[in-house]
Amino acid sequence: MNEKQKYQIIMQGIKSKNISRVCKEYGISRTLYYRWNKEYREHGMKGLAAKERKPRMPNRADRPTEKRILQHAAKYPQDGPKRIFYELRDEGYPLGESGVYNVLKRNGLSTRKEREAFSEGSKGRQGNRRVLSRSEVPSTQSGRIKQLEFGLKQPENARPGYLCLQSIHNMGRFPKIGMVYLYTLFDVHSRLALVKLYPRKDSIQVKDFMETKVLPLLKTFQFRIEHLVTNRSREFMTHWERGTHSYSAFLSSHGIIQIGVPASREEMFRPIHQFTALVAKDYFQQAWSNETLTSFDELERGLKEFLVEYNFTREIKDGPNRGRTPADVALATVGQQEPLPLWVFTRR
């Protein structure tokens, strides 16, 4: 966090007189809060400015780990110790960021220029293969992407759950609430949307959103997610073919096929981006100017009311389901199965 964000947290703690709640809201420890408070009282805003840290040198990495770090540096010379640490963590390597830095420094690869020279040499040894950017990395899912029908023009694929999109959007920092991230799952056929707000962006929250919000509600509508398209950020999946991401493993355990698509393929994410733009315009724009919103829970409560209105009342304005609501389209697939809970119909 920068000095302004730290200052806002300190002031919020002073005004609310509830340090524990403020620390929990922003995901920091009380020790860190009091340290910031002390630095601010002694040095003002300069005391809250980011300080350059010297890397700590832990125990020497074993040979397989060092070899893996060098392989990554050769393939992605633009990545520094922090990014390499995150990638190797997903693969199960128990080495910290400073340990990665230690390996790079010992091999003369602590700067990007040195790693690029090392990468060029590696390309020569590997038959002049070009180093690929992440959006170009070959994926075992490339065949699935080609087989997946994003337009849903074939009748056999035009059903809820066949194609769902998932994303995380930063909705900004609210003056009295803090940073807000919108986690969204969007069914392309029915346009049914499920959302939840979190104060930060990471894979733990992604799994929590799916486990506590999405799967229980979709079970109510009695359809399952067949294909889930996400971008290739580390919140959703690992970049390594043999890497195992906790979220990918969770989806697999529920029979959901995850398909990673580069974020640059905007046409594939257009439906969920359009929904997010609608939420920003029709809800968050008003929420920004609502001075009565002073807590995260209040902001999310208002979002839930908006979502009920969107799913159960708003009619789809184009496409084959025009004139129907997202909930109507989803419920049309239920047929004569067990009766749905009463709240589904009362909300309609």
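When a residue number appears, it is its place in the shown sequence, counting from 1.
For the atom pair Lys213 NZ and Leu194 CG, the distance stands at 7.0 Å (nearest 0.5 Å). Distance check, rounded to the nearest 0.5 Å: CD1 of Ile256 to CG of Leu215 gives 5.5 Å. Atoms CG and OH, from Asn290 and Tyr283 in turn, are 8.0 Å apart once rounded to the nearest 0.5 Å. To the nearest 0.5 Å, atoms CG (Leu182) and CG (Leu303) are separated by 6.5 Å. Between atom OG1 of residue Thr294 and atom CZ of residue Phe174 there is a gap of 13.0 Å, rounded to the nearest 0.5 Å. Between the OG atom of Ser29 and the CD1 atom of Ile19 there is a distance of 12.0 Å, given to the nearest 0.5 Å.
For the pair Lys196 and Tyr198, the cation-pi criterion (under 6.0 Å, within 45° of the ring axis) is fulfilled.
The neighbour count for Ile204 CD1, taken as heavy atoms of other residues, nucleotides or ligands under 6.0 Å away, does not exceed 12. Within a 6.0 Å radius of CZ in Arg173, more than 12 heavy atoms belonging to other residues, nucleotides or ligands are found. The environment of CD in Glu267 is crowded: more than 12 heavy-atom neighbours from other residues, nucleotides or ligands sit within 6.0 Å.
Shown here for Ser203 and Ser246, the closest heavy-atom pair between the two residues is OG-OG, 4.5 Å. Contact between Phe85 and Gly96 at its shortest, heavy atoms only, is CD1-C, 3.7 Å. Taking each heavy atom of Leu70 and Phe118 in turn, the nearest pair found is O-CE2, 3.4 Å. Minimum interatomic distance between Leu299 and Ala287 (heavy atoms only, all atoms of both residues): CD1-CB, 3.8 Å. Phe284 and Leu197 make their closest contact through CZ-CD2, 3.8 Å (heavy atoms, listed as atom of the first residue, atom of the second, distance). When all heavy atoms are compared, the tightest approach of Gly13 to Tyr33 is CA-OH, 3.4 Å.
Here the side chains of Thr230 and Val206 are not in contact, with every heavy-atom distance at 4.5 Å or above. The side-chain heavy atoms of Val329 and Leu331, taken from C-beta on, include no pair separated by under 4.5 Å. Counting heavy atoms from C-beta outward, Ile69 and Leu104 have side chains that approach closer than 4.5 Å. Counting heavy atoms from C-beta outward, Lys281 and Thr276 have side chains that stay 4.5 Å or more apart. Counting only heavy atoms from C-beta outward, the side chains of Val279 and Thr184 never approach each other to under 4.5 Å. Under the 4.5 Å side-chain criterion, counting only non-hydrogen atoms from C-beta, Val22 is not in contact with Ile28. The side-chain heavy atoms of Val214 and Gln166, taken from C-beta on, include no pair separated by under 4.5 Å. At a threshold of 4.5 Å between non-hydrogen side-chain atoms, the residues Tyr101 and Glu97 do not count as touching.
Between Glu42 and Lys38, at least one side-chain nitrogen of the basic residue sits less than 4.0 Å from a carboxylate oxygen of the acidic one, meeting the salt-bridge criterion. Of the charged side-chain nitrogens involved, at least one lies within less than 4.0 Å of a carboxylate oxygen, so that Arg106 and Glu66 count as a salt-bridged pair. With respect to the salt-bridge test (charged N to carboxylate O, under 4.0 angstrom), the residues Lys6 and Glu39 do not qualify. With respect to the salt-bridge test (charged N to carboxylate O, under 4.0 angstrom), the residues Lys67 and Asp62 do not qualify. We find that Glu315 and Arg324 are not joined by a salt bridge, their nearest charged nitrogen and carboxylate oxygen being 4.0 Å or further apart. In this structure, Arg112 pairs ionically with Glu116, as a charged nitrogen and a carboxylate oxygen lie closer than 4.0 Å.
His227 places no side-chain N or O within 3.5 Å of a backbone atom of Leu163 that could act as its donor or acceptor partner. Side chain of Tyr40 to backbone of Tyr7: no donor-acceptor contact under 3.5 angstrom is found. Side chain of Arg115 to main chain of Ala74: no donor-acceptor pair is present (N/O by atom type, distance under 3.5 Å, no hydrogens or angles). The backbone N or O of Gln8 lies less than 3.5 Å from no partner atom in the side chain of Gln12, so there is not a single donor-acceptor pair. Distance alone, capped at 3.5 Å, places no donor-acceptor pair between the Asp187 side chain and the Ala193 backbone. A donor-acceptor distance shorter than 3.5 angstrom exists from the side chain of His245 to the backbone of Tyr247, with no hydrogens or angles considered. Using modelled atom types, no side-chain atom of Tyr183 and backbone atom of Ile168 make a donor-acceptor pair closer than 3.5 Å. Between the side chain of Glu3 and the main chain of Met45, no donor-acceptor pair closer than 3.5 Å is present.
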- Mind running side-chain contact (heavy atoms from CB on, under 4.5 Å) on Thr325 and Ile316 for me, showing each step along the way? CA-CA 6 Å; Thr325 68; Ile316 299 171; over 6 Å; no
- Stepwise, does the side-chain contact (heavy atoms from CB on, under 4.5 Å) test hold for Val188 with Leu165? CA-CA 7 Å; Val188 176; Leu165 308 175; 3.9 Å; yes
- Task: Go through the steps for Leu109 and Lys105 under the test side-chain contact (heavy atoms from CB on, under 4.5 Å), then give the verdict.
- Result: CA-CA 6 Å; Leu109 302 175; Lys105 184 177 181 181; over 6 Å; no
- For side-chain contact (heavy atoms from CB on, under 4.5 Å), just list the numbers for Arg200 and Met179, CA-CA rounded to whole Å, side-chain angles, deciding distance to a tenth of an Å, and then say yes or no. CA-CA 7 Å; Arg200 53 188 176 276; Met179 191 65 74; over 6 Å; no
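Defined by atom type and a distance below 3.5 Å, a donor-acceptor pair is missing between the side-chain atoms of Ser16 and Asn18. Of the N and O atoms on the side chains of Ser248 and Gln258, at least one donor lies less than 3.5 Å from an acceptor on the other residue. In this structure, a donor-acceptor pair under 3.5 Å is absent between the side chains of Asn107 and Glu114. In summary, the side chains of Arg30 and Ser20 do present a donor paired with an acceptor at a separation below 3.5 Å, with no hydrogens or angles considered. The closest side-chain donor-acceptor pair between Ser295 and Asp297, if any, does not fall under 3.5 angstrom.
Hydrophobic clustering of Ile, Leu, Val, Met, Phe, Trp and Tyr side chains at less than 4.5 Å, counting indirect connections, unites Leu32 with Ile14. Transitive grouping of hydrophobic side chains (ILVMFWY, heavy atoms separated by less than 4.5 Å) brings Ile272 and Tyr162 into a common cluster. Cluster membership check: Val180 shares its hydrophobic cluster with Leu307, using side-chain heavy-atom separations under 4.5 Å among Ile, Leu, Val, Met, Phe, Trp and Tyr.
Between Tyr76 and His72, the angle of the ring planes lies from 30° to 60°, which puts this pair in the tilted group.
For residues 255-275, the ring-ring contact (aromatic ring centres under 6.0 Å, His included) pairs, not counting sequence neighbours, are His169-His273, Phe186-Phe275, Phe275-Tyr310.
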